[in-house]
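These notes concern the structure reproduced below.
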Amino acid sequence: MNIEQLLKNAIKEAFKTVFQLEISDFTLQSPNKGFEGTHTFLTFPYTKTTAQPPEKVGEMIGEHLKNSPQSIIQQYNVTKGFLNVSLKDSIWIEFLQHASTEDTWHHFAPQNQRIMVEFSSPNTNKPLHLGHLRNIFLGDSLSKILTAVGYEVIKANLVNDRGIHICKSMVAYKNYGKGETPQDASIKGDKWVGSYYVRFEKEFKKGNLPKDKLLSALEKIIEQSPKNDYSLETLQDTLKETLQTHTPLWQEAQEMLQKWEQNDPETVALWKQMNQWVYEGFDKTYQSINIAFDKTYYESNTYLLGKDIVEEGLQKKVFFKKEDGSVWADLTPEKLDQKLVLRKDGTSVYITQDLGTADLKYNDFNIQKSVYVVGDEQEYHFKVLFAILKQLGRPYAEGLHHLSYGMVDLPSGKMKSREGTVVDADDLIEEMIQIAQQRTEESGMAKLNEIDEQELQKIYHQIGVGALKYFLLKVEPRKRMLFNPENSIDFEGDASPFVQYNYARTQAIIRKAKELNINYAEKIEKKQLEKAEQHLIQTIYQYKETLEKAAQQYAPSFIVQYVYDLARAYSRFFTECAIFKANTEEDTKFRITLTEQTGKILKRALQLLGIEAPERM
RNA sequence: GGUCUCGUAGCUCAGCUGGAUAGAGCAACUGCCUUCUAAGCAGUAGGUCUUUGGUUCGAAUCCAAACGGGAUCACCA
């Protein structure tokens with residue numbers, strides 16, 4: 001049942017009858033605040049074809065709509081080129097009746113397509129922070145949205161478990177760790193390993209080059225500067241990098257990496273041990289925010305992939321070899337540059353590995369689509385990656401998408417691990433739960449007095465984590481967003497506790513209805529709707545199209561906006577319309593039915609965001 | 001420097017496939033709990049939609065330029 005389509009058809013029919021005009025498809029809008037109606041039709045585009053001023057067109061169409069035999073229009077009004085129509089209440093009541101008997105009204109047919117959503121993808125040298133949370137919540141929510149519209153979704157995590165970063169932690173642990181374990185120190189494994197990464201950075205800073213070597217290093221840098229960019233910042237960065245490579249500690253890390261690549265048993269054992277600690281820590285974090293993956297890839301298994309694709313690309317003449325033997329992709333037709341895919345010594349680069357991994361994913365799961373949830377600093381990389389895969393004629397190439405998102409900033413600017421300004425994920429989650437508890441104790445304990453302690457803890461957790469997820473999903477992904485640790489994340493207004501609160505209200509009503517043995521699941525006898533009722537039903541109705549839009553555009557933020565709208569519509573209904581003390585029994589039953597449906601959709605929409613809905617709060 | 005991206009109320013954000021009087025929340029102010037959950041509801045106040053030009057009957061929205069933030073342009077990942 002598609003109400004918009006009904007109205008559109010009626011309008012098209014009206015044009016045919018009134019003006020003998022076949023009009024092409026158009027979109028309906030919502031009336032602005034202060035204008036009566038449920039839908040708005042714009043008549044501006046038809047002034048020429050009808051040879052009438054916009055007002056006149058509106059009047060004539062409106063009049064026809066209203067007076068046609070099977071009219072679905074209650075009333076209409078015209079201002080300028082805006083024809084605002086109000087659908088008959090019976091349309092909305094019929095919809096609610098349908099929704100309450102057909103639980104599947106918002107379901108989608110299976111797409112018969114598999115889609116992989118890759119997200120989280122942490123490095124194993126430090127704990128998860130606020131930025132990761134934005135990534136994780138986006139990926140998780142998107143997975144749920146895509147599942148809801150009928151895709152078979154595979155949630156994948158590609159862990160960066162190898163490379164120089166983890167070797168740094170290993171070196172530091174070897175030198176200063178004294179064989180201690182995180183268990184000994186009662187520290188979460190990822191925090192433990194992270195502390196050695198920090199230790200490495202600290203120690204190696206002490207071992208700078210003597211000053212006489214600075215000058216020659218500097219000259220070398222200027223010679224090699226690829227972009228002739230002599231800004232102070234660039235020089236400093238490059239200088240630091242050059243100096244790093246001369247410190248003993250750095251060289252130790254390099255050796256460690258080489259040993260690892262040569263499969264040195266002792267090194268591999270240490271590497272496994274440290275990663276294991278990290279995974280144990282990550283698992284705790286994932287658990288606390290209710291995140292799970294269907295598949296975990298490890299770069300230690302994938303970093304050598306892709307070389308055969310380079311070979312294939314050469315044969316297909318997608319790639320070409322330079323004189324020095326390095327292999328390149330020419331993406332100038334795509335307005336991208338040339339891109340190295342294999343070094344002259346035959347070793348691979350980052351993108352080589354990603355080419356291989358793309359094939360691996362396809363072969364493992366036969367996916368038609370693949371979404372990468374990765375920060376916006378890698379936009380160029382993914383443009384290049386996708387362009388190459390397209391040139392190679394991969395069957396999945398059209399279904400590739402980079403869900404790019406901006407960084408989470410602090411009032412002081414960027415989060416920087418070196419300066420210790422990173423907001424730790426576990427700390428933040430813990431803080432959110434505590435605030436939830438504090439809020440509950442301040443305002444709502446009376447409602448919760450018969451609930452046991454364990455259940456209470458669960459509720460605090462749902463509220464705290466929910467508020468965090470909502471906060472991070474609310475903002476459009478491509479925008480940078482601000483987190484101010486001074487003011488805690490909202491628990492009021494446009495925030496998840498408000499939505500959860502309204503869900504809890506719906507459940508309180510349902511409980512009471514059952515207590516009073518009200519049989520509300522009968523045919524609805526209601527004829528006329530209050531404004532708040534009408535608006536609430538209309539908002540429920542919009543769930544399906546919102547979900548579809550969110551899936552099409554990979555945009556969980558649409559669901560956030562929607563769920564807030566729905567909660568607000570319910571809140572208004574709740575205060576304006578008495579349920580158990582309504583004027584008639586029909587009203588009571590109707591309002592309970594409406595409450596039940598609202599509750600279902602609130603819960604469902606929250607679920608799409610990975611947010612749980614407490615039965616009471 | 002080239003490319004991409006963002007700039008909307010004091011603050012955080014919606015709105016951007018062109019349409020009416022640009023919306024929420026927070027913060028401020030005013031009402032409303034003997035009545036189903038006040039984490040609420042109703043209201044007041046708050047705006048040169050960064051600027052300038054263009055397209056159009058009509059621009060926060062599209063185009064161009066400027067200014068300001070950010071990213072990227074590695075044989076790093």
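Just so it is clear, the structure is predicted and the values come from calculations on it, not from any experiment. Reminder, nothing fancy here: chain letters follow the sequence lines and each chain counts from 1.
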Need to verify one output field. Residue with the more 5' nearest nucleotide on RNA chain B, A/Gln507 or A/Thr575? A/Gln507
Closest-nucleotide 5' rank along RNA chain B - winner of A/Leu340 and A/Asp376: A/Asp376
When rounded to the nearest Å, what value does the distance between [atom1] atoms of [N] and [M] take?
N     : M     : atom1 : result
B/G25 : B/U61 : P     : 25 Å
B/U52 : B/C57 : P     : 23 Å
B/G69 : B/U8  : P     : 14 Å
B/A27 : B/U44 : C1'   : 15 Å
B/A77 : B/U72 : C1'   : 15 Å
B/U51 : B/C26 : P     : 28 Å

Taking a pair as Watson-Crick or G-U wobble with both distances under 3.5 Å, which nucleotide is matched to [N]?
N     : result
B/C33 : none
B/G19 : B/C57
B/A27 : none
B/C4  : B/G70
B/U48 : none

Separation of atom [atom1] in [X] from atom [atom2] in [N], rounded to whole Å:
X        : N     : atom1 : atom2 : result
A/Asp409 : B/U12 : CG    : C1'   : 13 Å
A/Arg616 : B/G40 : CZ    : C1'   : 19 Å
A/His39  : B/G19 : NE2   : C1'   : 17 Å
A/Met481 : B/U5  : CE    : P     : 21 Å
A/Asn32  : B/G18 : CG    : C1'   : 14 Å
A/Phe574 : B/U35 : CZ    : C1'   : 11 Å
A/Glu379 : B/U72 : CD    : P     : 10 Å
A/Arg480 : B/C4  : CZ    : C1'   : 14 Å

Which value, rounded to the nearest 0.5 Å, describes the distance between A/Ile433 atom CD1 and A/Ile459 atom CD1? 13.0 Å
Under 4.0 Å, heavy atoms only, any strand: does [X] hit a base, just the sugar-phosphate, or nothing?
X        : value
A/Leu482 : sugar-phosphate
A/Glu615 : base
A/Gln378 : base
A/Asn502 : nothing
A/Ala578 : base
A/Asn84  : base
A/Ile463 : base
A/Tyr350 : base
A/Pro31  : base

Student check: side-chain heavy atoms of A/Ile509 and A/Arg505 closer than 4.5 Å: no
Are side-chain heavy atoms of A/Leu360 and A/Tyr297 found at a separation under 4.5 Å? yes
Decide, applying a 5.5 Å centre-distance limit and a 30° plane-angle limit (both strict), whether A/Phe498 stacks on B/A39. no
Tell me whether A/Tyr501 is stacked on the nucleobase of B/G40, counting only the six-membered base ring and applying the 5.5 Å and 30° thresholds. no
Minimum-distance nucleotide (side-chain atoms of [X] versus [options]):
X        : options             : answer
A/Glu299 : B/A77, B/A39, B/C41 : B/A77
A/Arg572 : B/A42, B/A39, B/G70 : B/A42
A/Pro45  : B/C36, B/G19, B/C41 : B/G19
A/Ser326 : B/A20, B/A38, B/C75 : B/C75
A/Glu476 : B/A14, B/C13, B/C57 : B/A14
A/Arg478 : B/A20, B/G15, B/U5  : B/U5
A/Asp490 : B/C75, B/C26, B/C13 : B/C26
A/Val349 : B/A77, B/G40, B/A20 : B/A77
A/Leu42  : B/A77, B/G19, B/A39 : B/G19

Side-chain N or O of [X] versus OP1/OP2 of [N]: is the shortest distance under 4.0 Å?
X        : N     : result
A/Lys479 : B/G7  : yes
A/Arg343 : B/C76 : yes
A/Ser571 : B/C41 : yes
A/Arg511 : B/U37 : no

Specify the glycosidic conformation (syn or anti) of B/C33, with syn defined as within 90° of 0. syn
Can you tell me whether the side chain of [X] and the base of [N] have a donor-acceptor pair closer than 3.5 Å?
X        : N     : result
A/Asp324 : B/C75 : yes
A/Asp337 : B/A74 : no
A/Thr440 : B/A39 : yes
A/Thr40  : B/A20 : yes

Out of the candidates A/Tyr570, A/Tyr470, A/Phe498, only one should pair with A/Tyr564 under the ring pair (Phe, Tyr, Trp, His ring centres under 6.0 Å) rule; please name it. A/Phe498
Go through it in stages, so that I can follow the logic: the residues are A/Phe386 and A/His402, the test is ring-ring contact (aromatic ring centres under 6.0 Å, His included), and I'd like the CA-CA distance, side-chain angles, deciding distance and then a yes or no. CA-CA 9 Å; A/Phe386 296 166; A/His402 174 203; 7.2 Å; no
Looking only at heavy atoms, what is the nearest atom pair of A/Lys414 and A/Asp409, with distance? CA-OD1, 3.9 Å
Taking every non-hydrogen atom, the tightest pair across A/Ala513 and A/Ile592: CB-CD1, 3.8 Å
Parallel, tilted or perpendicular: which one describes the rings of A/Phe471 and A/Phe483, with boundaries at 30° and 60°? perpendicular
Below 30° counts as parallel, above 60° as perpendicular, anything between as tilted: where do the rings of A/Phe41 and A/Tyr46 land? parallel
Which is it for A/Glu36 and A/Lys531 under the salt bridge (charged side-chain N to carboxylate O under 4.0 Å, His left out) test, yes or no, and what are the steps along the way? CA-CA 11 Å; A/Glu36 195 66 32; A/Lys531 239 190 172 145; 3.6 Å; yes
